[in-house]
Amino acid sequence: MKSFIEKCCDECWHSLDKPCDLFVRCCTEGPLCHHDKACVEKFAFLNKQLKNIEHDLPIIFIGMGTCGLASGALKVEEAIKAELVKLNINAIIQPTGCIGYCAREVIVDVKFPGQDRISYCEVTPKIVPKLIQRVFVEKGIFKEKLLGTFGKGTPEIPNINEIPFFRHQLKVVLENCGVIDPTSIDAYIANGGFKALDKVLRLMKPNEVIKEITDSGLRGRGGAGFPTGKKWEFAYKQKTDVKYMVCNADEGDPGAFMDRSVLESDPFRVVEGILIAAYSIGASHGYIYCRAEYPLAIVRLQNTIELCKKYGLLGENILNSGFNFELKIKKGAGAFVCGEETALIASIEGKRGMPKPRPPFPAVAGLWGKPTVINNVETMANIAYIINNGAEKYASVGTASSKGTKVFALSGNIKNTGLVEVPMGTTLNDVIFKIGGGIPDDKKFKAVQIGGPSGGCLPTSVLSTEVDYESLKQVGAMMGSGGFVVMDEETCMVDVAKYFLTFIQNESCGKCVPCREGTKRMLEIIERIPKSYRNTKNKLDELQRFKGVVHLQRLGDVIRDTSLCGLGQSAANPVLSGLRYFRDEYETHLYERRCPSHVCKELLTYSIDNTICTGCGVCTKKCSSDAIIGEKAQAHYIIEDKCTRCGMCIESCRFDAITAI
Amino acid sequence: MHTHIFENYEPNDKSSLIPLLQEVQSVYGYLPESALQEVADFVGMPLSRVYGVATFYNQFRLAPLGENIIRVCRGTACHVKNSANILLALENALNIKAGGTTRDRKFTIEVVNCIGACSIAPVMTVNDEYYGRITVKDIPNIVKKYSKAPKPKEVSITPEVGLV
């Protein structure tokens with residue numbers, strides 16, 4: 001027996017034509033339909049194998065999520081293979097997903113038979129020979145790049161969950177990520193997968209499932225935080241022939257990548273959640289709407305759906321329960337607004353992805369006018385845990401209004417970039433400094449941007465805020481999908497506001513006027529702030545910037561109150577939160593004509609330090625406006641009037657002789 | 001060249017419009033007018049509607065692309081890590097603006113909102129290869145690598161499972 005779909009003997013009978021309702025239980029505890037010692041042993045052995053408890057050869061796990069691949073996981077794999085061949089060592093190479101510690105990729109784990117799995121980080125092709133030599137030939141520990149062990153920790157080798165990055169985390173959604181093989185349905189089942197589906201189909205009625213989810217207090221993880229149970233109940237109560245279940249994997253928020261990681265590292269968990277949701281609302285068809293920018297996630301999903309069909313977990317009469325469900329993948333085509341429910345529906349229907357006014361809510365009239373539930377990937381990944389462990393246990397974690405955990409994508413100017421899952425109620429301070437490790441290069445923390453373009457920038461003064469839907473909203477940010485971009489003192493808040501408004505302006509679908517025109521005007525106002533007006537003859541133009549800023553707050557309020565969908569309603573947040581916490585920075589730009597963080601290029605003055613400049617001439621070639629002059633091997637100079645302040649000279653200088661103040 | 005695409009779809013099904021356009025684009029690299037007309041006829045929609053959809057989504061383009069497609073990520077994390085300068089350096093190096101194609105049709109620069117590899121920002125991809133934690137100084141080398149060699153075979157990012 002190599003997989004669960006194979007029969008242990010002739011008496012066993014799970015097949016697509018004749019599904020067995022005890023199939024999932026049978027896989028881990030089986031066989032249940034007959035008593036045969038040999039069969040019991042076969043199942044037990046297969047389970048141990050799939051859980052990597054029993055194996056003859058050493059296993060090498062390589063983290064191959066997108067971030068791992070981008071850090072060179074494929075080259076590391078090649079190097080490991082070459083080295084193993086060279087030393088004539090037999091080992092199994094098993095790609096896994098992402099464990100979340102992206103800053104230390106490529107992560108390679110080694111597990112010898114009968115020993116604990118030991119994790120190494122920052123592996124490059126260059127150090128692979130040393131690693132293999134130390135671990136496989138000398139049978140030791142490669143201390144230089146040691147991350148931790150999955151077994152019991154010792155003073156020398158800490159347990160992986162004891163290192164600072166993981167210690168304060170609580171893994172529910174990310175439990176399997178980076179640990180199991182994301183391409184194997186058997187590995188998922190052996191590690192307790194599809195148990196929740198089995199329980200739901202055999203023992204629970206749809207309304208009981210909905211009650212369980214409602215009791216758990218689970219709220220949508222896509223951003224708005226609508227109670228999931230309630231949404232299901234609306235759809236459940238609708239009486240029609242067809243209902244749809246849609247999983248929203250259109251993770252458009254720049255700076256958020258938790259859905260991608262979950263889909264790449266544990267796709268079966270998401271599909272299990274979708275199946276349970278579909279069963280409870282009575283949906284027969286479902287879609288996963290995934291961004292086209294996530295090619296690996298789409299490949300993984302296709303594989304997942306194929307395997308689920310093969311195992312009779314998707315299709316007709318799933319596990320002999322009479323429940324039929326068909327799941328398809330819809331690839332997005334690059335439109336941020338399609339993350340909004342009604343726009344997503346329009347996009348699946350083959351139209352321009354424009355939102356519609358609500359009500360009617362999709363749960364009443366959605367896809368092709370039928371009741372449709374749309375849930376985010378992370379929400380779906382929580383479902384199996386709630387069913388397995390009960391609503392009470394799930395609700396025991398978190399704050400009064402927000403239960404469970406939340407995954408954040410730490411990025412920007414922070415030491416430990418990556419995915420972290422923390423219980424609701426953890427303070428921002430803990431996430432940034434305890435888990436994230438603080439700001440690199442001894443720089444000062446300035447702000448954290450939470451919630452993507454709909455969220456806001458929060459300064460040090462509110463870092464004691466707890467992670468919770470309501471408290472984040474109170475301080476001017478929002479949960480969003482979980483982007484968590486940390487900014488240091490070298491980030492300019494006016495520039496960040498300009499960046500987000502440009503983004504919103506580009507992505508506004510153009511249907512409603514407040515969003516289409518309002519954000520455009522807002523962007524114009526913000527763009528005037530960091531302008532130098534050096535060559536402007538029209539003084540009126542220069543004064544316009546004051547007039548604009550006076551209207552900024554009101555304009556923001558109007559856009560928020562009158563826009564059609566969430567994109568417009570939250571479009572002004574980055575600017576409003578900026579005005580609230582970083583007003584002094586806006587004022588320095590406006591009155592003093594300078595950028596305290598030295599980011600807004602037009603307000604900078606470039607100069608070359610003639611004691612450092614060697615006259616190599618690289619900057620003259622890079623300068624797009626011929627503003628740098630100087631003899632070869634002599635110090636160069638910048639003609640200020642010609643300089644367009646593109647900053648290319650600074651980037652190209654090898655001696656750090658150019659400064660911008 | 002693209003007629004085989006239609007075999008997998010039901011005619012007059014409007015929901016298959018976007019997947020059809022995606023497949024046509026994967027054949028040509030862009031959406032030729034003739035193909036748009038054929039798709040419109042197949043799904044039973046006026047060409048104007050199909051054009052409306054094709055211009056709404058960032059993924060679709062109506063002009064042919066260069067051999068190598070450079071995608072610069074302009075997500076928040078990349079922005080904080082100075083991806084604007086990366087883009088500027090690329091534009092200067094290739095002498096085109098974002099969205100444009102070089103005259104010899106070797107390179108196209110595209111800007112994407114977020115590739116989802118924020119932890120190794122700033123990121124750009126050339127064809128399907130990722131370059132993380134890049135600096136402006138890396139740009140000439142990367143451009144050089146692709147301007148010499150003929151277009152590399154598409155790198156599949158499905159990892160292989162193998163026994164050594």
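Here the structure is a predicted model, which is why all the values come from computation and not from measurement. Letters go in sequence order (proteins before strands), and every chain restarts at 1.
Proximity to chain B (any heavy atom under 4.5 Å) is restricted, for A/E349, to the backbone atoms N, CA, C and O. With a 4.5 angstrom heavy-atom cutoff, A/A73 does not touch chain B via any of its atoms. Only the side chain of A/C338 comes within less than 4.5 Å of a heavy atom of chain B; its backbone N, CA, C and O stay farther away. Heavy-atom distances place both the backbone and the side chain of A/R352 under 4.5 Å from chain B. In this structure, the portion of B/P140 lying under 4.5 Å from any heavy atom of chain A is its side chain and not its backbone. For A/C623, no part lies under 4.5 angstrom from a heavy atom of chain B. Interface remark: A/K331 contributes backbone and side-chain atoms alike to the contact with chain B (heavy atom separation under 4.5 Å). Using a 4.5 Å cut-off between heavy atoms, B/R133 contacts chain A through its side chain alone, with no backbone atom that close. Looking at A/A292, the atoms closer than 4.5 Å to chain B (heavy atoms on both sides) all sit in the side chain, from C-beta outward. When heavy atoms are compared at a cutoff of 4.5 Å, B/K81 approaches chain A solely by way of its side chain, counted from C-beta outward. For A/D259, no part lies near chain B; criterion is any non-hydrogen pair under 4.5 Å. Heavy-atom distances place no part of B/A121 under 4.5 Å from chain A, backbone and side chain included. Proximity to chain B (any heavy atom under 4.5 Å) is restricted, for A/E507, to the side chain, taken from C-beta onward. For A/S652, the part sitting under 4.5 Å from any heavy atom of chain B is the backbone (N, CA, C, O) and nothing else. With a 4.5 Å cut-off on non-hydrogen atoms, A/S347 touches chain B through its backbone and its side chain both. Within the 4.5 angstrom heavy-atom criterion, no atom of A/V599 approaches chain B.
Remark: the backbone N or O of B/I18 is not paired with any side-chain donor or acceptor of A/K330 at under 3.5 angstrom. Judged by distance alone, the side chain of B/T76 and the main-chain N or O of A/P254 form a donor-acceptor pair under 3.5 Å. A side-chain donor-acceptor contact under 3.5 Å links B/K137 to the backbone of A/E651. Judged by distance alone, the side chain of A/T417 and the main-chain N or O of B/S119 form a donor-acceptor pair under 3.5 Å. Checked by atom type and distance alone, the side chain of A/E490 never pairs as donor or acceptor with a backbone atom of B/V80 at under 3.5 Å.
No side-chain heavy atom of B/D128 sits under 4.5 Å from any side-chain heavy atom of A/P295.
Here the closest heavy-atom approach between residue A/K351 and residue B/Y57 is recorded as O-OH, 2.8 Å. The two residues B/C118 and A/A256 make their nearest non-hydrogen contact at SG-N, 4.2 Å.
Between chain B and the options A/G647, A/G332, A/C492, the largest number of non-hydrogen pairs under 4.5 Å is found for A/G332. Ranked by heavy-atom pairs under 4.5 Å with chain B, the list A/A335, A/C509, A/A70 is led by A/A70. Ranked by heavy-atom pairs under 4.5 Å with chain A, the first of B/L21, B/V50, B/N92, B/N85 is B/N85. The candidate from A/G418, A/C102, A/G353 with the greatest count of non-hydrogen atom pairs under 4.5 Å with chain B is A/G353. Comparing B/R49, B/R74, B/Q59 by how many heavy-atom pairs each has under 4.5 Å with chain A, the most go to B/Q59. Of the listed residues (B/I115, B/T55, B/L88), the one with the most heavy-atom contacts under 4.5 Å to chain A is B/L88.
Counted within 6.0 Å of OH on B/Y51, heavy atoms from surrounding residues, nucleotides or ligands total 12 or fewer; the atom is thus considered open. Heavy atoms from other residues, nucleotides or ligands lying under 6.0 Å from NZ of A/K415 number more than 12.
Here the SG-CZ distance, from B/C114 to A/R260, works out to 8.5 Å after rounding to the nearest 0.5 Å. A/T66 contributes atom OG1, which lies 4.5 Å from atom OH of B/Y130 (distance to the nearest 0.5 angstrom). Taking NZ from A/K498 and NE2 from B/H79, the interatomic distance works out to 8.0 Å, rounded to the nearest 0.5 Å.
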